[in-house]
Asker: 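Sharing a structure with you now.
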Amino acid sequence: MKNIAIFPGSFDPITVGHVSIIKRALPLFEKVTVAIGINAEKKTMFTVEQRTAWIQQVFMDEPKVEVEIYSGLTVDFCKQKNAGFILRGLRTAADFEFERGIGQVNRKLGVGIETLFLLTEACHTPISSSIVRDVIRHGGDVSSMIPDVVNNDL
Ligand code: ADP
């Protein structure tokens, strides 16, 4: 297993909270692979092509970041990519409780793969993709919550 982190999520759309976690993880890893999970049952606001393009544009000048699409178990994707780490962001106690279950199961399923958590910046605690989608649906201003490249396309 290599010093590569998989950062899994829906990124529907990527927010400044996600961007911050990825940037802070970069000094820790050889590579950070942002992995957009495809879940046929989950309806998304933006297509996977659009979500991928936005992340690629945000990290255009950062060769250590790559974007991939995957389905199935995150640990299987890690094995496929020879990645030793799953990166996740923690905002609140609710995030912790949710992540605890997934992290502990992933540890059983993916022996040798560690989940690493970074605490969000305080100013990013209230930001989530679902809140951003709600505000967009109702015509509100999301410019402080998403990267400029995303905002310019909306
Ligand atoms: P999921 O569908 O798995 O919840 P998301 O795209 O919503 O995927 O989030 C992916 C990861 O980014 C998760 O670890 C989540 O906790 C983290 N994250 C989401 N929003 C923020 C934020 N504002 N600050 C820090 N981490 C965040």
Side-chain angles (χ1 to χ4, degrees), residues 4-29 31-59 62 64-78 80-81 83-110 113-137 140-151 153-154:
I4 295 172
I6 299 293
F7 185 41
S10 312
F11 307 101
D12 186 34
I14 187 164
T15 69
V16 292
H18 295 129
V19 172
S20 164
I21 296 286
I22 296 164
K23 285 190 174 161
R24 288 167 58 202
L26 281 177
L28 307 175
F29 299 102
K31 191 158 81 179
V32 174
T33 299
V34 183
I36 305 181
I38 301 296
N39 176 350
E41 273 150 41
K42 211 165 160 183
K43 185 132 179 40
T44 59
M45 177 175 261
F46 300 104
T47 64
V48 69
E49 292 78 16
Q50 178 67 88
R51 285 179 275 152
T52 305
W54 277 331
I55 304 168
Q56 281 169 340
Q57 283 171 52
V58 171
F59 291 101
E62 185 39 81
K64 283 170 81 177
V65 176
E66 66 171 24
V67 190
E68 298 259 4
I69 298 163
Y70 79 106
S71 57
L73 295 175
T74 304
V75 286
D76 288 341
F77 185 65
C78 289
Q80 194 187 316
K81 303 297 288 183
F85 299 89
I86 297 172
L87 173 68
R88 296 289 284 177
L90 281 183
R91 285 161 294 188
T92 60
D95 270 359
F96 172 77
E97 201 44 44
F98 178 72
E99 296 291 344
R100 184 191 54 74
I102 299 180
Q104 288 171 337
V105 170
N106 278 342
R107 184 158 165 74
K108 266 187 188 268
L109 295 175
I113 298 170
E114 294 287 2
T115 303
L116 197 114
F117 298 99
L118 290 182
L119 276 182
T120 187
E121 299 277 0
C123 60
H124 294 153
T125 304
I127 300 175
S128 69
S129 296
S130 65
I131 289 180
V132 167
R133 291 195 301 274
D134 265 356
V135 178
I136 293 172
R137 264 186 213 108
D141 178 7
V142 286
S143 57
S144 63
M145 294 185 262
I146 54 177
D148 288 345
V149 288
V150 182
N151 195 49
D153 281 351
L154 293 178

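Ligands are counted one by one from 1 in listed order, and the atoms in each one are counted from 1 as well. The first residue of the sequence shown is numbered 1, and numbering continues consecutively from there. Since this is a predicted model, take the numbers as computed values, not measurements.
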Asker: Is there a nitrogen or oxygen of T125 sitting under 3.5 Å from a nitrogen or oxygen of ligand 1?
Answerer: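 The answer is no, given that T125 and ligand 1 share no N or O pair closer than 3.5 Å.
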Asker: State, with a plain yes or no, whether a side-chain heavy atom of D153 is found less than 4.5 Å away from one of V149.
Answerer: no
Asker: Less than 4.5 Å apart, side chain to side chain, heavy atoms only: is that true for N39 and S71?
Answerer: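 No, too far: nothing below the 4.5 Å cut-off.
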Asker: Is the closest N or O pair between L87 and ligand 1 shorter than 3.5 Å?
Answerer: no
Asker: Considering only non-hydrogen protein atoms, determine which one is nearest to atom 2 (O) of ligand 1 and report residue, atom name and distance to 0.1 Å.
Answerer: S10 OG, 2.7 Å
Asker: I'd like to know if the side chain of R51 and the backbone of F46 have a donor-acceptor N/O pair within less than 3.5 Å.
Answerer: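 Checking the backbone N and O of F46 against the side chain of R51, a donor-acceptor pair under 3.5 Å is found.
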Asker: Considering non-hydrogen atoms of the protein only, which is the closest contact for atom 10 (C) of ligand 1, and what is the distance?
Answerer: P8 O, 3.5 Å
Asker: Quick one: does I4's side chain get under 4.5 Å of F85's, heavy atoms only?
Answerer: no
Asker: Distance under 4.0 Å to a non-hydrogen atom of K42: what atoms of ligand 1 satisfy this?
Answerer: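 What qualifies from ligand 1 is 2 (O).
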Asker: Within the 4.5 Å heavy-atom criterion, are V132 and P13 side-chain neighbours or not?
Answerer: yes
Asker: Do F11 and ligand 1 have an N or O pair less than 3.5 Å apart?
Answerer: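 By distance alone, the answer is yes.
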Asker: Is the shortest N/O to N/O distance between I21 and ligand 1 below 3.5 Å?
Answerer: no
Asker: Please tell me if the side chains of T125 and T92 come closer than 4.5 Å, counting only heavy atoms from C-beta onward.
Answerer: yes
Asker: If you measure from each non-hydrogen atom of R51 to ligand 1, which part falls under 4.0 Å: side chain, backbone, both or neither?
Answerer: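 No part of R51 comes within reach of ligand 1.
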Asker: Just to confirm my output: which protein heavy-atom neighbour is closest to atom 4 (O) of ligand 1, and how far is it?
Answerer: R88 NH2, 4.1 Å
Asker: If the test is side chain to side chain contact (heavy atoms under 4.5 Å, CB included), which one of T74, T115, I21 qualifies with R88?
Answerer: T115
Asker: Using distance alone, decide if ligand 1 has a nitrogen or oxygen within less than 3.5 Å of any nitrogen or oxygen in H18.
Answerer: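 For ligand 1, there is an N or O atom that lies under 3.5 Å from one belonging to H18.
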Asker: Tell me the protein heavy atom at minimum distance from atom 14 (O) of ligand 1, and give that distance in Å.
Answerer: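 Heavy-atom neighbour on the protein nearest atom 14 (O) of ligand 1: G89 N, 3.0 Å.
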Asker: Before giving the answer on side-chain contact (heavy atoms from CB on, under 4.5 Å), spell out for T120 and L90 the whole-Å C-alpha distance, their side-chain angles and the decisive distance to 0.1 Å.
Answerer: CA-CA 6 Å; T120 187; L90 281 183; over 6 Å; no
Asker: What do we get for R91 next to ligand 1 when only non-hydrogen atoms under 4.0 Å count, side chain, backbone, both or neither?
Answerer: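 For R91, the contact with ligand 1 is made by the side chain alone.
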Asker: If we count only N and O atoms by modelled type, under 3.5 Å, do the side chains of K81 and T33 hold a donor and an acceptor together?
Answerer: no
Asker: Quick one, I113 and N106 - any side-chain contact, counting heavy atoms below 4.5 Å?
Answerer: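 Contact flag for I113/N106 side chains = no.
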Asker: Answer yes or no: does an N/O atom from S129 fall short of 3.5 Å to an N/O atom of ligand 1?
Answerer: no
Asker: Using a plain distance cutoff, I'd like to know if T15 has any nitrogen or oxygen under 3.5 Å from a nitrogen or oxygen of ligand 1.
Answerer: no
Asker: Quick one: CZ on F29 to CG on L87, what's the gap to the nearest 0.5 Å?
Answerer: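 If I round to the nearest 0.5 Å, the distance is 6.0 Å.
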Asker: For F7, counting its heavy atoms only, list the atoms of ligand 1 lying under 4.0 Å from any of them.
Answerer: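 It comes down to these atoms of ligand 1: 11 (C), 12 (O).
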Asker: Check each atom of ligand 1 against the heavy atoms of G9 and keep those under 4.0 Å away; list them by number with element.
Answerer: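 Close to G9: 3 (O), 6 (O), 8 (O), 10 (C).
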Asker: Provide, to 0.1 Å, the distance between atom 25 (C) of ligand 1 and the closest protein heavy atom, together with that atom's residue and name.
Answerer: T120 OG1, 3.4 Å
